[in-house]
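The block underneath contains the structure these notes are about, expressed in structure tokens.
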Amino acid sequence: MQKPKIIVVAGTNASGKSGLGVELAHKYGGEIVSADSRQVYIGMDLGSGKITPDEMKGVPHHLLDIRSPGEFFSMADFQRLAYEAIDDILQRGRLPFLVGGTGLYVAAVADGYLLSDKAPDLTYRQELETYQTEALYAMLMAQRPDIEVDACNRNRVMRILERLKADDYHPAQKESRYDSLRMGVTWERDVLKQRIDERLTRRLDEGMIQEVQGLLDAGVSEGFMLGLGLEYRMITELLTGKIPTEAEMVTQLGNAIKKFAKRQMTWFRRDESIHWLDMEKDPFEAACGLIDAFLAS
RNA sequence: GCCUUGGUAGCUCAGUCGGUAGAGCAGUAGACUGAAAAUCUACGUGUCGGUGGUUCGAUUCCGCCCCAAGGCA
């Protein structure tokens, strides 16, 4: 039996993937499933670079604005909801476009990570939080010296401990649920950096700092904001005085976003099935060629 | 014109009591299956401003020159 087909559009922030996704979905009668870990939150718009209703041009978007700021959301939540959204789109005879820059989320759906249905143990995580990373790694090795992890990677070591406690540890497994055409969007490095700077300036003008202030005023915890990283972390640090001036914050944030774009590319480059589209040529036409061939196969 | 303080990695600087040098930031490559815009790993040759001198040996000491900032005229 043939698996249902979906189209994936991946790329870094400020790459123009959302716009391309809309154009393509428009042409092929598709709907968009966003794969972005921050854009699921209501009211986190400028800071997450969320597409505006105007820019959607009537194309339905899924998995935006589905959680309140402060609520827990994970890759597994995303996978479950994305499967639901995609299956629904398919059932209505339309073409699903998975569009986003959160590599882990894209992979969880496109590669089909096999996850257990056990919920995360947030209480245990809090307990683990009180230990130094070295101690956490020692605890892990005491139980399972055979497991290979980066000993310095705190989050990963903690998650494995959590899984062991729940008797839920197994090596990574995957089984894709869909047949996916994967496309990635690229820019020449310096051009991308310039786009990132321009977009940052524009969002600041549009009130990104006020957006963060508003969320804090509304009672969203500082800790939650800091954990979101980049825009939300650094603007919160500016507002709480940890970063002294706006100019300093903007410099740091610009650098951090560029580093992040680099990490996004590192993630996506690993996937050899991605067809790369040069955004300085004609990405729309190239994508249409790929999609036509894919749908005909 | 004189005095002072500087001129060392793309940037900010440290350092060498004379044996050709190292941090942070930036940059590059990578890892990463339940917080992922998270969390981590690896990578540092640069006429040590120029030029003479002293010395076995100078980026380091001395002379002169150039440049920058500040002060005095």
Side-chain angles (χ1 to χ4, degrees), chain A residues 11-15 34-41 44 46-50 67 70-82 100-122 124-126 128-129 133-134 136-137 147-166 168-176 189-190 193 196 199-200 203 208 212 221 223-236 248 251-271:
Chain A
T12 67
N13 66 87
S15 66
S34 159
D36 187 297
S37 65
R38 312 289 124 143
Q39 296 182 4
V40 299
Y41 292 108
M44 302 191 124
L46 290 167
S48 71
K50 198 180 288 172
R67 287 287 128 102
E71 277 189 82
F72 183 81
F73 189 79
S74 76
M75 173 264 273
D77 296 321
F78 175 79
Q79 190 197 48
R80 182 171 42 79
L81 295 172
T102 301
L104 181 70
Y105 285 15
V106 172
V109 170
D111 288 341
Y113 287 176
L114 294 178
L115 307 170
S116 84
D117 48 13
K118 285 192 174 144
D121 187 341
L122 300 178
Y124 186 53
R125 279 189 202 180
Q126 275 186 356
L128 293 177
E129 244 356 301
T133 304
E134 230 174 81
L136 292 168
Y137 185 68
I147 294 177
E148 287 180 35
V149 237
D150 181 349
C152 301
N153 193 327
R154 186 175 178 80
N155 286 1
R156 300 234 56 239
V157 171
M158 285 198 291
R159 160 98 274 246
I160 294 172
L161 284 168
E162 182 193 336
R163 293 176 70 182
L164 287 171
K165 179 167 181 278
D168 186 31
Y169 182 81
H170 59 78
Q173 295 173 309
K174 56 186 176 183
E175 186 186 323
S176 54
R189 212 174 279 251
D190 292 336
K193 287 181 179 176
I196 288 172
R199 197 162 89 126
L200 176 55
R203 289 184 296 155
M208 185 159 63
V212 175
S221 81
F224 179 78
M225 297 298 264
L226 295 174
L228 291 174
L230 298 189
E231 290 87 349
Y232 293 107
R233 172 189 289 181
M234 291 197 178
I235 292 173
T236 297
E248 175 64 21
T251 304
Q252 280 187 35
L253 180 54
N255 286 336
I257 296 172
K258 287 166 208 158
K259 270 195 214 175
F260 168 57
K262 196 169 171 303
R263 259 179 281 134
Q264 288 179 298
M265 283 307 292
T266 300
W267 180 283
F268 292 127
R269 262 196 298 253
R270 186 170 64 161
D271 184 345

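Worth knowing before you read on, the calculation uses all heavy atoms, side chains too, and leaves out hydrogens, waters and symmetry mates. Computed from a predicted model, the values in this text were never measured in an experiment.
- The side-chain hydrogen bond (donor to acceptor under 3.5 Å, both in side chains) check on A/Asn153 picks up nothing, with sequence neighbours excluded.
- In this structure, the CG atom of A/Asp36 is 13 Å from the C1' atom of B/A38, given to the nearest Å.
- The distance between atom CZ of A/Phe224 and atom P of B/A38, rounded to the nearest whole Å, is 13 Å.
- A 4.5 Å side-chain heavy-atom check between A/Ile147 and A/Tyr169 finds at least one atom pair inside the cut-off.
- Nucleic acid contact class of A/Tyr105 (heavy atoms, under 4.0 Å, all strands): sugar-phosphate only.
- Close to B/C32, at under 4.0 Å from its OP1 or OP2, lies no side-chain N or O of A/Arg159.
- Contacts of A/Gly47 with the nucleic acid, taken as non-hydrogen atoms under 4.0 Å apart, include base atoms.
- B/G15 and B/C3: their C1' atoms are spaced 28 Å apart (whole Å).
- Between the P atom of B/U33 and the CD atom of A/Gln173 lies a distance of 13 Å, rounded to the nearest Å.
- Counting non-hydrogen atoms under 4.0 angstrom, A/Arg125 reaches a base of the nucleic acid.
- Annotation: side-chain hydrogen bond (donor to acceptor under 3.5 Å, both in side chains) contacts of A/Glu162 (sequence neighbours excluded): A/Arg125, A/Arg159.
- Partners of A/Leu114 under the side chain to side chain contact (heavy atoms under 4.5 Å, CB included) rule, at least two apart in sequence or in another chain, are A/Gln173, A/Glu175.
- The CG atom of A/Asn155 sits 14 Å away from the C1' atom of B/U33 (whole-angstrom rounding).
- The strand RNA chain B forms stems, runs of 3 or more Watson-Crick or G-U wobble pairs with distances below 3.5 Å, at B:1-7 with B:66-72, B:10-13 with B:22-25, B:27-31 with B:39-43, B:49-53 with B:61-65.
- A/Arg263 has a side-chain polar atom (N or O) that falls below the 4.0 Å cut-off from OP1 or OP2 of B/A38.
- Spacing between B/A14 and B/U8 at atom P, rounded to whole Å, works out to 10 Å.
- Rounded to whole Å, the separation between the C1' atoms of B/G6 and B/G50 comes to 16 Å.
- Shown here are the ring pair (Phe, Tyr, Trp, His ring centres under 6.0 Å) partners of A/Phe224, two or more places apart in sequence or in another chain: A/Tyr41.
- The A/Arg270 side chain lies nearest to B/C32 when the options are B/A38, B/U33, B/C32.
- Among the heavy atoms of the strands lying under 4.0 Å from A/Glu231 is at least one base atom, whether or not backbone atoms are also near.
- Using a 4.0 Å heavy-atom distance criterion, A/Arg156 is classed as a base contact.
- Looking at residues two or more places apart in sequence or on another chain, you find a side chain to side chain contact (heavy atoms under 4.5 Å, CB included) between A/Lys118 and A/Ser116, A/Ala166, A/Asp168.
- Going from the C1' atom of B/A9 to that of B/A26 covers 11 Å, rounded to whole Å.
- In this structure, CZ of A/Phe73 is placed 12 Å from C1' of B/A35, rounded to the nearest angstrom.
- Rounded to whole Å, the P atom of B/U4 lies 22 Å from the corresponding atom of B/G18.
- Separation of the P atoms belonging to B/A21 and B/A58 is 14 Å when rounded to the nearest angstrom.
- Checking B/A38, B/A35, B/A31 against every side-chain atom of A/Thr266, the shortest atom distance belongs to B/A31.
- Remark: A/Gln39 CD to A/Thr102 OG1 distance equals 8.0 Å, nearest 0.5 Å.
- The side-chain hydrogen bond (donor to acceptor under 3.5 Å, both in side chains) search around A/Glu134 returns none, not counting sequence neighbours.
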Review item, nucleotides 25-27 of chain B N/O atoms under 3.5 Å of protein N/O:
unit_1: B/A26; atom_1: OP1; unit_2: A/Lys259; atom_2: NZ; d: 3.1
unit_1: B/A26; atom_1: OP2; unit_2: A/Lys259; atom_2: NZ; d: 3.0

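- Electrostatic pairing of A/Glu231 and A/Arg38 does not count as a salt bridge here, judged by no charged N lying under 4.0 Å from a carboxylate O.
- For A/Leu128 and B/A35, the CG to P distance is 12 Å, given to the nearest whole Å.
- When heavy atoms are screened at a 4.0 angstrom cut-off, A/Asp117 is found touching base atoms of the nucleic acid.
- Contacts of A/Ala108 with the nucleic acid, taken as non-hydrogen atoms under 4.0 Å apart, are absent.
- By the side-chain hydrogen bond (donor to acceptor under 3.5 Å, both in side chains) test, A/Asn255 pairs with no residue at all, sequence neighbours left out.
- Ranking B/A31, B/A36, B/A35 by closeness to the A/Asn153 side chain, first place goes to B/A31.
- Atom-to-atom, CE of A/Met225 to C1' of B/A38 comes out at 15 Å; the value is rounded to the nearest Å.
- B/A38 atom C1' lies 12 Å from atom CD of A/Glu129, rounded to whole Å.
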